[in-house]
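Read through the structure below, which is laid out as structure tokens, and then see the notes.
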Protein chains: 2
Amino acid sequence: MNYAPFLNYIKNFVDLNEKEITFLRSYTNYKKYFKGQYIVQQGEVCNHTNFIISGCTENFYIDQKGQEHIVTFAIENWWSSDISSFITQKPSDFNVKCLEDTEVIQFTCQNQDEIFKNIPKMETLFRKLLEKALVSSQKRIVNNFSLSAKDQYIYFKNQYPNIEQRVPQYMVASYLGITKEFLSKIKAHLVKNKS
Amino acid sequence: MNYAPFLNYIKNFVDLNEKEITFLRSYTNYKKYFKGQYIVQQGEVCNHTNFIISGCTENFYIDQKGQEHIVTFAIENWWSSDISSFITQKPSDFNVKCLEDTEVIQFTCQNQDEIFKNIPKMETLFRKLLEKALVSSQKRIVNNFSLSAKDQYIYFKNQYPNIEQRVPQYMVASYLGITKEFLSKIKAHLVKNKS
DNA sequence: TTGATTTGTTAATCTAGTTTATTTTTTAAA
DNA sequence: TTTAAAAAATAAACTAGATTAACAAATCAA
């Protein structure tokens with residue numbers, strides 16, 4: 001059980017005293033998943049918010065036509081859950097699946113409320129995290145409007161330099177909302193033109 | 001000056017006592033803009049979060065090619081600002097422009113923090129609003145992945161039945177990320193096929 | 001070390017949505 | 001009430017990206 005990375009992460013935002021840390025520890029739990037396991041499954045209620053200690057997850061859904069779409073990746077020091085299902089406690093539209101062995105710290109809905117009640121600083125932290133998440137979600141919409149598939153791929157590589165090496169290319173294509181064939185074409189083109 | 005709609009809105013989420021309401025009032029301000037006025041301008045820092053009492057705004061940006069893209073509309077009982085600029089206090093990438101005469105309640109950055117410090121319930125409210133905003137932003141990304149332009153238009157009409165009558169069609173097209181010509185084609189097609 | 005499965009490439013054909021240009025309709029100002 | 005400007009419709013030519021299909025590498029299990 002490896003809790004330190006989470007406390008280090010939190011330290012970037014708020015200072016907690018010993019008592020608060022003890023409380024936080026007792027209201028969260030550590031869990032290890034293996035590669036291929038599902039943390040959340042489409043159709044089930046998402047019971048946890050997960051902070052990733054190590055590993056890598058994909059958040060994807062399967063649409064009416066049976067096509068898979070990756071909505072987000074998450075790696076160390078990121079959060080991973082289906083927030084919609086978590087806050088409404090209704091069945092999830094998404095799957096969260098481990099692409100590597102993955103260790104997480106989990107917050108349940110009830111415990112999260114307890115934590116916020118007892119350590120208001122934690123609610124401030126979550127509010128700020130949500131603000132940042134919203135900004136980057138909006139940024140993605142904006143990129144979708146204004147950038148060609150090629151430029152979106154370049155943006156993705158710059159923004160998430162660590163992810164491309166860890167996941168297969170067809171998943172990057174899925175994240176970008178293009179076919180794997182087209183991404184292959186884009187990469188061939190980039191190599192040929194050296195940028 | 002018309003503060004009641006804002007208090008009614010808040011009442012849906014949290015209960016405030018007289019003292020808290022007085023505090024809230026003194027730390028927010030009312031402002032009226034006329035049709036065509038900018039609440040935020042691309043390049044300037046967004047100093048306020050705005051709750052709309054009456055009217056309608058568009059949040060848009062102009063990309064490198066000089067093209068305008070509408071990111072969101074907002075009407076009565078919605079919020080309107082550039083959250084990225086607001087939280088970082090850096091120049092905004094967006095414009096917020098009034099499409100009608102618009103009355104708003106404004107929170108400045110400093111006052112918002114004061115409000116959260118003095119009325120923690122308000123921070124909880126904002127956290128929950130951010131959660132909902134993030135969910136709907138993600139929903140938009142998902143629709144972009146899975147729906148044709150026609151189905152996105154139908155979704156838009158269902159989700160925002162009040163907006164289409166209030167804004168010109170080319171703005172709806174811009175919001176959907178398609179050209180006005182193509183939206184016109186879609187509408188003609190929908191009329192012809194009665195769905 | 002081999003066969004099977006997963007991942008990636010290439011190329012031809014196809015289509016949803018864009019671009020450009022012209023015409024018609026609606027809105028609003030004088 | 002007229003007129004100019006803004007908004008919407010129509011249509012032809014065009015393009016970014018999808019689809020299909022065949023094949024080539026890489027990975028993995030036994």
Side-chain angles (χ1 to χ4, degrees), chain A residues 34-36 56 58 60 62-70 73 97-101 140-157 163-193, chain B residues 34-36 56 58 60 62-70 73 97-101 140-157 163-193:
Chain A
F34 292 104
K35 181 174 174 172
C56 179
E58 58 164 334
F60 71 98
I62 295 169
D63 70 16
Q64 300 88 330
K65 296 170 212 144
Q67 264 199 305
E68 236 181 82
H69 299 275
I70 297 180
F73 295 110
K97 188 177 174 185
C98 298
L99 299 175
E100 305 171 357
D101 292 356
R140 204 156 155 214
I141 293 170
V142 163
N143 282 349
N144 233 303
F145 272 142
S146 294
L147 302 186
S148 66
K150 179 177 133 191
D151 289 338
Q152 282 184 60
Y153 169 62
I154 292 169
Y155 183 86
F156 169 79
K157 287 216 300 181
I163 289 183
E164 202 182 9
Q165 290 92 41
R166 289 167 73 171
V167 306
Q169 185 169 310
Y170 73 87
M171 288 191 177
V172 174
S174 173
Y175 174 86
L176 294 173
I178 61 177
T179 58
K180 57 193 197 316
E181 290 85 358
F182 192 52
L183 178 54
S184 184
K185 208 153 128 186
I186 287 170
K187 289 183 81 169
H189 187 83
L190 285 174
V191 168
K192 210 178 64 188
N193 297 273
Chain B
F34 293 104
K35 181 176 175 171
C56 179
E58 58 165 333
F60 71 98
I62 295 169
D63 70 15
Q64 300 88 331
K65 297 172 208 139
Q67 264 201 305
E68 235 180 83
H69 300 275
I70 296 180
F73 294 111
K97 188 177 172 183
C98 299
L99 300 173
E100 304 171 357
D101 291 356
R140 205 156 155 215
I141 292 170
V142 163
N143 282 350
N144 235 302
F145 272 142
S146 295
L147 302 185
S148 66
K150 179 177 133 192
D151 289 338
Q152 282 185 58
Y153 169 62
I154 292 168
Y155 182 87
F156 169 79
K157 286 217 300 184
I163 289 184
E164 202 181 8
Q165 290 92 40
R166 289 166 74 170
V167 307
Q169 186 169 309
Y170 73 87
M171 287 191 178
V172 174
S174 172
Y175 174 87
L176 294 172
I178 60 177
T179 57
K180 57 193 195 316
E181 289 84 358
F182 191 52
L183 178 54
S184 182
K185 210 152 125 183
I186 288 170
K187 289 184 80 169
H189 187 85
L190 286 174
V191 168
K192 210 178 65 189
N193 296 274

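Every value quoted in this text rests on a predicted model; they were computed, and no experiment measured them. Basis for what follows: all heavy atoms, side chains included, without hydrogens, waters or symmetry-related copies. First the proteins, then the strands, lettered A, B, ... as listed; each starts at 1.
- Among the protein residues, B:Lys180 comes within range of no part of the nucleic acid, since none of its heavy atoms lies under 4.0 Å from any strand.
- Rounded to an integer number of Å, the gap from A:Arg166 CZ to C:dT7 P is 17 Å.
- Within the 3.5 Å criterion, the main-chain N or O of B:Lys35 finds a donor-acceptor partner in the side chain of B:Asp101.
- Rounded to whole Å, the distance from CD on B:Glu181 to P on C:dA16 is 18 Å.
- A:Tyr170 comes within contact range of the sugar-phosphate backbone alone, with a heavy-atom separation under 4.0 Å but no base atom that close.
- The side chain of B:Ser184 lies closest to D:dT10 when the candidates are D:dT10, C:dT10, D:dA18.
- To the nearest angstrom, C1' of C:dA16 lies 13 Å from CG of B:Asp151.
- Test A:Tyr170, A:Phe60, A:Phe73 against A:Tyr175 for ring-ring contact (aromatic ring centres under 6.0 Å, His included) and you get one pass: A:Phe73.
- One can place CZ of B:Phe182 at 17 Å from P of D:dA16, the figure rounded to the nearest angstrom.
- Contact annotation: B:Thr179 side-chain N/O to C:dG17 OP1/OP2 distance is not under 4.0 Å.
- Whole-Å rounding puts the B:Phe145 CZ to C:dA16 P distance at 20 Å.
- Separating the NZ atom of A:Lys187 from the P atom of D:dG17 is a distance of 17 Å, rounded to the nearest angstrom.
- Per the geometry, CD1 belonging to A:Ile178 stands 20 Å off P belonging to D:dT15, to the nearest Å.
- Between B:Gln169 and C:dT26 there is no side-chain polar atom (N or O) within less than 4.0 angstrom of OP1 or OP2.
- Heavy-atom minimum distance, A:Gln152 versus A:Leu176: O-CD2, 3.8 Å.
- Checking side-chain atoms of B:Asn143 against main-chain N and O of B:Leu147 turns up no donor-acceptor pair under 3.5 Å.
- The shortest non-hydrogen separation linking B:Cys56 to B:Val167 is SG-CG1, 4.2 Å.
- In this entry the distance linking OH of A:Tyr153 with C1' of D:dA16 reads 18 Å, nearest Å.
- With C:dG17, D:dT19, D:dT10 as the choices, the nucleotide that has an atom nearest any side-chain atom of A:Gln67 turns out to be D:dT19.
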